[in-house]
Amino acid sequence: MMLKFYSAFGGVNGSIGAKSEFDLPLSPECKEIYVLLYDDYKLLIAKNPATGEWEMV
């Protein structure tokens, strides 16, 4: 999964209505989560193949 986040200003998406946690549906095939940092995607979270748990890289 590749994620891209946007900053928000004012309204529902401002600091008052914004959330810092989100539930994302993941397919069973998903093993890695990349996040866009500046101009390149970086691997941040991966599923441990031995335990099946998600871990920070």
Side-chain angles (χ1 to χ4, degrees):
M1 178 175 283
M2 300 180 96
L3 302 175
K4 183 176 184 179
F5 296 96
Y6 296 92
S7 61
F9 179 78
V12 168
N13 294 320
S15 60
I16 294 173
K19 297 191 311 184
S20 61
E21 295 181 10
F22 298 90
D23 292 326
L24 300 174
L26 299 175
S27 68
E29 296 84 21
C30 185
K31 305 281 188 255
E32 299 174 330
I33 298 176
Y34 291 80
V35 175
L36 183 64
L37 299 174
Y38 303 102
D39 60 348
D40 195 19
Y41 284 91
K42 181 176 179 183
L43 176 62
L44 291 185
I45 304 170
K47 189 179 270 190
N48 183 319
T51 65
E53 296 291 320
W54 287 98
E55 300 174 350
M56 298 294 290
V57 175

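Treat the numbers as computed from the prediction; the structure is a model and nothing was measured.
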Excluding sequence neighbours, so at least two apart, what forms side chain to side chain contact (heavy atoms under 4.5 Å, CB included) with Y38?
none
Could you work out, with side-chain hydrogen bond (donor to acceptor under 3.5 Å, both in side chains) as the rule, every residue matching T51, not counting sequence neighbours?
none
With clusters defined by side-chain heavy atoms of hydrophobic residues (ILVMFWY) lying less than 4.5 Å apart, directly or transitively, does L43 cluster with M1?
no
Return all side-chain donor-acceptor pairs below 3.5 angstrom for residues 29-37, not counting sequence neighbours, or 'none' if the list is empty.
unit_1 : atom_1 : unit_2 : atom_2 : d
E29    : OE1    : S27    : OG     : 3.2
K31    : NZ     : P28    : O      : 3.1
E32    : OE1    : Y34    : OH     : 2.9

Holding to side-chain hydrogen bond (donor to acceptor under 3.5 Å, both in side chains), I want the full list of residues that pass it with E55, two or more places apart in sequence or in another chain.
N48
Who passes side chain to side chain contact (heavy atoms under 4.5 Å, CB included) against M56, sequence neighbours left out?
I45
Indicate if F5 and Y41 have the same hydrophobic cluster label, given that clusters are the connected sets of ILVMFWY residues with side-chain heavy-atom separations under 4.5 angstrom.
no
